J.: 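Structure below; questions to follow.
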Amino acid sequence: MDVGKVETLVKEQQLKDQFENLEKHTQWGIDFVERYTKFVKERSEIELNYAKQIRNLSKKYQPKKSTREEEEGKYTWCRAFLASLNELNDYAGQHELIAENMTSQIIAELTRYIQDLKSERKTHFHDGRKAQQHIENSWKQLELSKRNFERACKEADRAQQYFEKMDADINVTKADVEKARQQAQLRHQMAADNKSEYSSNLQKFNQEQTEHYHTLIPNIFQKLQEMEERRIERVGESMKTFAEVDRQILPIVGKCLDGMTKAAESIEAKTDSAQVVESYKSGFEPPGDVEFEDYGQAMKRTVSENSLTKPEKPDKPGKGKSKLFFFKKNKLSLKLISLNAHVRNFIEGANPEDFSHLPPEQRRKKLQAKIDDINKDIQKEMDQRDALTKMKDVYVKNPQMGDPSSVDPRLAEIAQHIDKLQTELQKFEGWLAEVEGRMPVRSEPTQRQSSVYDKQSNTPAANNNCAQDRESSPDGSYTEEQSSEVQSKVQTDTEFDDFDNEEEEMLPTIGTCKALYPFEGNNEGTLTLAEGEVLFVIEEDKGDGWTRVRRNEEEEGYIPTSYVEVFLDTDTKGLCMWR
């Protein structure tokens with residue numbers, strides 16, 4: 001094997017090795033791009049999951065629809081928290097935007113680029129293999145022509161030697177010599193033809209080899225290099241975009257955080273505390289001074305034997321006659337209200353339409369708010385009526401625009417609705433006048449009872465025109481006669497004054513009682529009982545089914561008589577509780 005052939009084989013092997021190395025490296029580069037794309041995709045999924053969790057958290061702590069307007073719109077700290085939740089929801093939206101931008105600007109772009117990159121790589125290596133196959137075929141053709149030329153030369157030499165041998169032999173005929181000569185000439189001609197073919201193939205191979213190693217392969221390598229550089233640059237751009245996507249939302253995230261800070265700074269503690277005072281202000285007058293009680297004087301009490309000697313099976317609490325109580329500064333302040341439907345609804349846990357279950361100040365606010373709402377509804381209906389009236393006038397003047405009678409049913413419906421609202425308005429205005437007439441006025445302790453009595457005794461005259469200003473009769477029905485109404489109010493006011501006097505005294509115990517059944521004192525003025533508990537009796541049952549007891553010096557209240565067994569002291573019977 002000559003030196004040129006060895007060099008060619010070495011170069012071909014080196015070139016083959018280079019192609020294999022380049023194939024491995026470019027494939028690794030594509031794998032890297034796919035790996036980076038997967039990384040960005042997982043980051044996008046993390047952002048989406050984070051945004052979803054933030055949204056769920058914000059939604060979880062959003063106030064309920066029923067209490068949002070009442071509570072969250074009242075206090076600054078509730079409004080601040082609600083604003084923070086809204087800002088947090090916008091904050092979650094920015095993380096969703098990160099995932100969206102990463103998907104559209106990086107993941108989708110790199111996915112398309114990877115497909116193009118694989119196609120381009122495949123094309124370049126296909127061209128390289130094709131060029132290498134072509135040069136190998138040219139080399140084989142050159143080797144074949146070279147062997148043919150070598151074989152033709154050897155055959156020409158043998159034919160020449162045979163001719164010379166035949167020509168020198170005198171025993172050989174002239175014809176055989178001529179035949180040998182012609183055969184030698186033929187072999188020489190074939191050798192010349194093979195030589196020409198070999199020379200031509202050699203020249204062609206050298207040109208193709210030069211072009212292969214100096215043009216084709218370098219061009220393919222150059223394209224692969226450019227492809228690889230573009231891949232690297234594309235990865236760098238994607239990494240830069242990866243950071244820019246986060247940077248783009250920072251201003252908006254900063255605004256969200258600024259909104260949270262601003263919401264926190266908007267909290268006003270004094271305003272909220274004043275709102276609490278305004279919301280729960282009852283309007284009741286504080287109790288006066290406690291008078292001295294002389295125990296040296298004999299006390300007379302009337303005892304009702306029928307309610308205390310024989311315990312009965314307890315009925316359902318809240319039915320029958322009831323009392324309403326209020327505590328002020330750990331002192332029992334008794335306010336007896338007539339037995340009517342409003343008190344019965346309160347004991348049973350219902351919310352009456354006139355808000356009688358609320359303290360006076362709160363009731364006044366609720367009634368005023370209801371009146372304002374009704375006035376708004378009336379104004380709205382009146383605006384609709386005016387608009388329809390104008391439309392009807394237009395139809396009357398221009399019959400081609402519409403039938404005037406088509407508006408009448410709607411006008412009649414609106415008129416009925418307005419009448420209904422006005423009736424409702426009069427009802428609530430009557431209740432409001434009743435409440436405002438009964439609101440206590442602050443005065444000196446010595447004048448408190450008389451001022452309350454005077455104001456309440458004058459209420460019927462002040463509100464004589466209101467059908468809703470009334471008191472209940474003992475059986476729960478309403479009375480319409482003014483004389484009986486005044487009598488009921490005066491009697492009730494007198495009872496209130498008696499209770500106000502008595503609440504200032506610490507009543508003595510007249511016996512004990514033992515609870516037969518448990519009782520939950522859910523209403524103000526009542527005590528909770530545990531079965532078997534022993535309490536002190538300070539006022540016996542007056543026939544209304546309630547007994548007044550004391551648990552300790554500061555805890556007094558009423559319990560159902562049928563729930564306990566009462567043991568009165570013998571020396572206290574006959575004493576009068578109500579003085």
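The chain is numbered in sequence order, starting from 1. Quick caveat: nothing in here was measured; it's all calculated off a predicted structure.
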J.: Below 4.5 Å, heavy atoms only, C-beta onward: do M166 and F163 meet side chain to side chain?
T.: no
J.: Indicate the atoms forming the closest heavy-atom contact of I135 with F205, along with that distance.
T.: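 That closest heavy-atom pairing would be O-CE1, 3.8 Å.
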J.: Look at the side chain of T389 and the backbone N and O of R385, then say whether any donor-acceptor pair between them is shorter than 3.5 Å.
T.: yes
J.: Report the C-alpha separation of D116 and R230 in whole Å, then their side-chain angles, then the decisive distance to 0.1 Å, and conclude whether the salt bridge (charged side-chain N to carboxylate O under 4.0 Å, His left out) test is met.
T.: CA-CA 12 Å; D116 296 339; R230 287 196 304 271; over 6 Å; no
J.: Could you pull out the closest heavy-atom pair between Y113 and R234, with the gap in Å?
T.: CD1-NH1, 3.4 Å
J.: Dump the intermediate steps for side-chain contact (heavy atoms from CB on, under 4.5 Å) on Q189 and Q185, then the final yes or no.
T.: CA-CA 6 Å; Q189 184 62 38; Q185 289 179 353; over 6 Å; no
J.: At their closest point, which heavy atom of A99 faces which heavy atom of T103, and how far apart are they?
T.: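 Shortest heavy-atom separation between A99 and T103 comes out as O-OG1, 2.8 Å.
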J.: Between R43 and D246, does the side-chain contact (heavy atoms from CB on, under 4.5 Å) criterion hold? Intermediate values first, please.
T.: CA-CA 12 Å; R43 164 69 191 280; D246 259 348; 2.8 Å; yes
J.: Measure the spacing between CG of D90 and CZ of R55 and express it to the nearest 0.5 Å.
T.: 7.5 Å
J.: Could you grab the distance from atom CZ of F149 to atom CG of D193, nearest 0.5 Å is fine?
T.: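 Output value for this atom pair is 11.0 Å.
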J.: Using salt bridge (charged side-chain N to carboxylate O under 4.0 Å, His left out), reason through K427 and E424 one step at a time and then give a plain yes or no.
T.: CA-CA 5 Å; K427 180 173 61 175; E424 191 81 6; 3.4 Å; yes
J.: Tell me if a side-chain donor or acceptor on S199 pairs with a main-chain N or O of K195 at a distance below 3.5 Å.
T.: no
J.: Ignoring hydrogens and angles, state whether a donor on the side chain of E120 or H124 is under 3.5 Å from an acceptor on the partner side chain.
T.: yes
J.: side-chain hydrogen bond (donor to acceptor under 3.5 Å, both in side chains) for N49 and E45? Distances and angles first, verdict last.
T.: CA-CA 6 Å; N49 292 332; E45 292 175 353; 5.9 Å; no
J.: Is a donor on one side and an acceptor on the other found under 3.5 Å between the side chain of S200 and the backbone of E197?
T.: no
J.: Could you check whether any side-chain N or O of N194 sits under 3.5 Å from a backbone N or O of N148, counting only pairs where one atom can act as donor and the other as acceptor?
T.: yes
J.: Would you please test R147 and E150 for salt bridge (charged side-chain N to carboxylate O under 4.0 Å, His left out) and show each step?
T.: CA-CA 5 Å; R147 287 194 297 270; E150 181 181 5; over 6 Å; no
J.: Are the charged groups of E237 and K240 less than 4.0 angstrom apart, N to O?
T.: no
J.: Tell me if the CD atom of E520 is crowded by more than 12 foreign heavy atoms within 6.0 Å.
T.: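 No, because the 6.0 Å sphere around CD of E520 holds 12 heavy atoms or fewer from other groups.
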J.: With a 3.5 Å distance limit and no angle check, can you tell me whether T210 reaches the backbone of N206 through a side-chain donor-acceptor pair?
T.: yes
J.: I need the L224 CG to N219 CG distance, nearest 0.5 Å.
T.: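 Rounded to the nearest 0.5 Å, the CG-CG separation comes to 11.0 Å.
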J.: In Å and rounded to the nearest 0.5 Å, what is the NZ to NZ distance from K255 to K262?
T.: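 It comes to 12.5 Å.
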J.: With a 4.5 Å heavy-atom cut-off, do K165 and Q161 have their side chains touching?
T.: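 Of all side-chain heavy-atom pairs linking Q161 with K165, none is under 4.5 Å.
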J.: Hey, could you give me the NE2/OH distance between H95 and Y50, rounded to the nearest 0.5 Å?
T.: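 Rounded to the nearest 0.5 Å, the NE2-OH separation comes out at 4.5 Å.
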J.: Could you walk me through whether Q379 and K376 pass the side-chain contact (heavy atoms from CB on, under 4.5 Å) test, one step at a time?
T.: CA-CA 5 Å; Q379 186 62 40; K376 290 179 182 179; 5.7 Å; no
J.: Determine, step by step, whether K392 and D408 satisfy the side-chain contact (heavy atoms from CB on, under 4.5 Å) criterion, reporting the C-alpha distance in whole Å, the side-chain angles of both residues, the deciding distance to 0.1 Å, and the verdict.
T.: CA-CA 8 Å; K392 183 177 180 180; D408 293 338; 2.7 Å; yes
J.: For Y91 and V253, work out which heavy atoms get closest and say how close.
T.: CE1-CG1, 3.5 Å
J.: With salt bridge (charged side-chain N to carboxylate O under 4.0 Å, His left out) as the test, would you mind laying out the steps for R410 and E413 before giving the verdict?
T.: CA-CA 5 Å; R410 179 57 180 163; E413 181 182 351; 3.4 Å; yes
J.: Could you tell me which non-hydrogen atom of I106 sits nearest to which non-hydrogen atom of S238, and how far apart they are?
T.: CD1-O, 3.7 Å
J.: Does I267 offer a backbone N or O that forms a donor-acceptor pair with the side chain of T76 under 3.5 Å?
T.: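 Here the side-chain-to-backbone pair does not exist.
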J.: Are the side chains of Q422 and I374 in contact, using a 4.5 Å heavy-atom criterion?
T.: no
J.: State whether the side chain of N89 and the backbone N or O of L85 hold a donor-acceptor pair below 3.5 Å, judged by distance alone.
T.: no
J.: How long is the span from the CD atom in Q141 to the CG atom in N201, to the nearest 0.5 Å?
T.: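 Interatomic distance, Q141 CD to N201 CG, rounded to 0.5 Å: 5.0 Å.
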J.: I414 versus M382: any side-chain heavy-atom pair under 4.5 Å?
T.: no
J.: Does OH belonging to Y36 count more than 12 external heavy atoms closer than 6.0 Å?
T.: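 Yes.
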J.: If you define the side chain from C-beta out and look only at heavy atoms, does anything of D419 sit under 4.5 Å from Q416?
T.: no
J.: For Q115, does its backbone N or O pair with a side-chain atom of S119 as donor and acceptor, under 3.5 Å?
T.: no
J.: Could you tell me if the side chain of K223 sits less than 4.5 Å from the side chain of T123, heavy atoms only?
T.: no
J.: Answer yes or no: does atom CD of Q203 have more than 12 heavy-atom neighbours from other residues, nucleotides or ligands under 6.0 Å?
T.: no
J.: For A263 and A83, which heavy atoms make the closest approach, and how far apart are they?
T.: CB-CB, 3.8 Å
J.: Starting from the C-alpha separation in whole Å, work towards a yes-or-no answer on side-chain hydrogen bond (donor to acceptor under 3.5 Å, both in side chains) for Q105 and E109.
T.: CA-CA 6 Å; Q105 299 180 19; E109 294 294 330; over 6 Å; no
J.: Using the ring of each side chain (for Trp, its six-membered ring), is F242 parallel, tilted or perpendicular to F39, with breaks at 30° and 60°?
T.: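 Tilted.
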J.: Any donor and acceptor pair, going by atom type alone, linking the side chain of Y162 with main-chain N or O of A184 inside 3.5 Å?
T.: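 Answer holds: no.
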J.: Would a 4.5 Å heavy-atom cut-off, applied to side chains only, mark L421 and H417 as touching?
T.: yes
J.: Should E34 and D31 count as side-chain neighbours, where that means a heavy-atom distance under 4.5 Å?
T.: yes
